[in-house]
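Keep in mind it's a predicted model, so treat the numbers as computed, not measured. In listed order, ligands and their atoms are each counted from 1.
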Amino acid sequence: MQFNPVTQRVIERLKQIVGEEHVLTSSEDLARYALDEIEERYRSLPEVVVKPRTPEEIAAIMRLANEERIPVTPRAAGTGLSGGAVPVYGGIVLSLERMNEILEIDVDNMMVTVEPGVVLGDMMRAVETKGLFYPVDVSSLESCHVGGNVAENAGGARAMKYGLTGQWVYGLEVVTPTGEIVRLGGKRIKDVTGYNLVQLLVGSEGTLGIITKITFRLTTKPKYVLDLLIPFDSLEVAVAQVLDLIRQEIHLAAIEFMDSISVRAVERYLNTRLPYSECEAHLLIQIDGMEEGAVWEAGERVYHRLMKGGAKEVFVADNRFTREKVWRARREIAQALKAFYKHVSIEDIVVPRAQIVKAVQYIRELSDRHRIETPVYGHIGDGNLHPTPVCNERDEQTWDRDLEAFLIEMFRIVHNLGGSLTAEHGVGLKRIKYLPLVMSKTEIALMQAIKKAWDPNGILNPGKVIPLELNV
Ligand code: MLT
Ligand code: ZN
């Protein structure tokens with residue numbers, strides 16, 4: 001795909017649209033928008049950064065970009081893990097950071113309407129002041145923006161009970177790649193009028209439209225929450241217990257998993273200690289509900305099953321301090337690994353839950369055979385793991401080659417187990433070349449046709465999700 005460079009004339013027109021102070025061109029500014037949380041080697045500079053405030057400004061930018069055939073990469077907080085916000089073809093980075101207002105908390109309809117640049121944690125706290133609850137607790141909740149959560153269909157620990165972001169998205173205002181403003185969905189709980197374009201936009205990774213308003217459905221905050229940290233001597237036993245718990249129909253909000261490399265890294269990073277951190281694996285389980293008795297009863301059932309099933313101990317985090325300590329440890333694993341290793345590739349596989357034992361065994365075996373240390377952590381209750389190949393010794397070239405061989409084999413295995421290559425981080429830039437390993441040509445061609453219908457010139461976030469060329 002051929003794009004044109006951003007000329008001085010284009011920059012002048014962008015300044016007319018959003019105001020001079022919201023158009024950035026200095027090399028330091030451009031460098032700040034060249035990467036998200038993907039690995040450093042994917043860094044790619046934009047030619048200009050624009051920070052619009054309204055959908056009308058965005059529509060004008062998109063019309064200009066279309067006329068000039070300039071690529072546009074939308075960006076929320078830049079906390080994504082698959083390179084969705086990296087401007088691979090240069091061009092314009094369209095940052096939504098100024099669109100950061102909570103527009104309405106509608107208590108009667110139990111909905112909140114926000115702009116895309118609101119920080120997730122701020123929105124969660126704001127709705128809680130009205131007695132409402134937004135349950136999707138993405139690990140980066142204190143820095144990520146809700147617009148990015150919708151674009152990536154972000155998950156997080158409580159997806160097991162509450163689903164992914166998309167499950168809570170009911171209305172969207174979107175600027176199309178050709179510069180129209182459209183409103184999709186709304187505050188209607190049920191609506192089957194036509195194709196579900198709201199859910200098409202959810203998880204489209206900024207390739208089909210730019211999200212400018214979101215209406216989320218809310219629920220009631222559970223009154224009682226119990227968090228349990230459970231060490232196991234054997235990783236296989238820990239994983240097998242997850243299946244057992246799910247089959248027992250103990251309704252849990254989250255079952256998280258951390259292997260010993262992950263636990264040791266995060267202990268060092270946060271300068272803290274978790275109980276029995278020498279153990280091979282830890283589970284972190286959350287139980288929530290409206291009735292104290294029911295929550296404790298579920299907790300006891302978990303305790304008895306796991307103690308019988310090989311747990312070393314079951315630790316109860318029942319106050320704010322201990323709860324924060326264990327969850328912080330879980331949430332900061334990725335940051336810890338990044339701090340201690342030169343090469344870190346955070347993966348995001350998913351398998352049917354009945355296959356998690358096999359998946360973990362295969363990853364261990366792969367890691368030994370390829371001699372690549374691979375900490376594993378993640379949302380095991382959903383069958384979603386973050387195996388993270390890491391390394392300090394290899395040079396860039398050797399690492400690229402070895403990692404590629406490792407990943408291809410891992411994705412093939414995962415596919416054979418009925419799984420796929422990303423559950424919540426997105427295909428982005430990082431996994432686009434592996435898509436044919438898990439998807440048929442027909443499926444990819446259908447996606448390309450959808451992309452073409454929304455974005456005939458292919459200027460919105462090119463190089464992400466699906467290959468631009470029509471013949472795979
Ligand atoms: C997590 O599970 O912690 C997040 O998906 C991603 C991360 O920061 O690794
Ligand atoms: Zn995750």
Side-chain angles (χ1 to χ4, degrees), residues 35-40 76-85 119-121 135-146 148-167 203 205 227 229 242 253-259 261-263 265-267 269-270 274 281-286 324-341 343-351 353 356 359-360 363 374-390 414 419-428 430-431:
L35 204 62
D36 50 20
E37 291 284 327
I38 198 177
E39 298 94 285
E40 185 61 38
T79 56
L81 289 151
S82 55
V119 172
L120 172 62
V136 186
D137 67 334
V138 177
S139 281
S140 54
L141 79 161
E142 292 305 346
S143 51
C144 64
H145 289 174
V146 290
N149 293 171
V150 176
E152 298 290 326
N153 200 5
R158 287 196 292 244
M160 198 181 161
K161 175 168 178 179
Y162 295 103
L164 301 176
T165 302
Q167 193 162 318
E205 304 189 28
D227 292 291
L229 183 71
V242 173
I255 310 181
E256 295 288 296
F257 170 78
M258 307 181 268
D259 74 358
I261 316 175
S262 315
V263 167
V266 86
E267 282 188 326
Y269 181 66
L270 296 176
L274 291 183
H282 281 69
L283 296 181
L284 175 56
I285 290 183
Q286 185 168 90
E324 182 48 33
K325 179 174 160 159
V326 291
W327 277 102
R328 182 151 183 238
R330 165 59 194 86
R331 287 193 182 114
E332 299 275 343
I333 292 173
Q335 296 310 323
L337 295 173
K338 281 187 183 176
F340 299 130
Y341 294 93
H343 305 297
V344 178
S345 184
I346 303 171
E347 298 306 326
D348 181 38
I349 57 157
V350 59
V351 293
R353 293 191 293 198
I356 47 183
V360 170
I363 293 165
T374 310
V376 182
Y377 64 97
H379 319 288
I380 198 160
D382 301 324
N384 173 202
L385 291 169
H386 301 312
T388 303
V390 294
V414 162
S420 198
L421 44 78
T422 176
E424 54 170 20
H425 293 173
V427 175
K430 187 171 160 154
R431 302 186 176 91

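With sequence neighbours excluded, the residues that form a ring-ring contact (aromatic ring centres under 6.0 Å, His included) with His425 are His386. Residues passing the side chain to side chain contact (heavy atoms under 4.5 Å, CB included) test with Thr374, sequence neighbours excluded: Ile363, Ser367, Ile372, Pro387, Pro389, Phe406. Not counting sequence neighbours, Phe257 has no partner by the ring-ring contact (aromatic ring centres under 6.0 Å, His included) test.
Looking at Glu142, its side chain never comes within 3.5 Å of a backbone N or O of Gly121 through a donor-acceptor pair. Looking at Arg331, its side chain never comes within 3.5 Å of a backbone N or O of Ser140 through a donor-acceptor pair. Side chain of Glu424 to backbone of Gly156: a donor-acceptor contact under 3.5 angstrom is found.
Excluding waters, the set of protein N/O/S atoms under 2.8 Å from the Zn ion (ligand 2) reads His379 NE2, His386 NE2, Glu424 OE2.
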### Query
Between Thr388 and Tyr377, is a side-chain contact (heavy atoms from CB on, under 4.5 Å) present by the stated rule, with each step listed?
CA-CA 8 Å; Thr388 303; Tyr377 64 97; 3.5 Å; yes
Going through the checks in order, is the side-chain contact (heavy atoms from CB on, under 4.5 Å) test met by His379 and Met160?
CA-CA 8 Å; His379 319 288; Met160 198 181 161; over 6 Å; no
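Using a 4.0 Å cutoff on heavy atoms, Glu256 does not count as a contact of ligand 1. Residue Glu37 places no heavy atom under 4.0 Å from ligand 1. Distances from ligand 1 to the non-hydrogen atoms of His379 include at least one value under 4.0 Å.
In this structure, Leu120 and Val138 have side chains that are in contact, with non-hydrogen atoms separated by less than 4.5 Å.
Ranking the protein heavy atoms by distance from atom 9 (O) of ligand 1 puts Tyr377 OH, 2.7 Å first.
Looking at Arg331 next to ligand 1, no N or O pair under 3.5 Å apart turns up.
Atom numbering of ligand 1 starts at 1 in the shown order; those under 4.0 Å from a heavy atom of Arg330 are 1 (C), 2 (O), 3 (O). Shown in contact with His425 at under 4.0 Å from a heavy atom are these atoms of ligand 1, numbered in order with element: 4 (C), 5 (O), 6 (C). In summary, the atoms of ligand 1 found under 4.0 Å from a heavy atom of Ser139, numbered by their order in the structure, are 1 (C), 2 (O), 3 (O), 4 (C). Every atom of ligand 1 with a heavy atom of Ala334 under 4.0 Å away is listed here by number and element: 7 (C), 8 (O), 9 (O).
Classification of Glu347 and Lys430 as a salt-bridged pair holds, one side-chain N sitting under 4.0 Å from a carboxylate O.
Only the side chain of Leu81 comes within contact range of ligand 1, with a heavy atom under 4.0 Å; no backbone atom does.
Leu270 CG to Lys325 NZ: the interatomic distance, rounded to the nearest 0.5 Å, is 10.0 Å.
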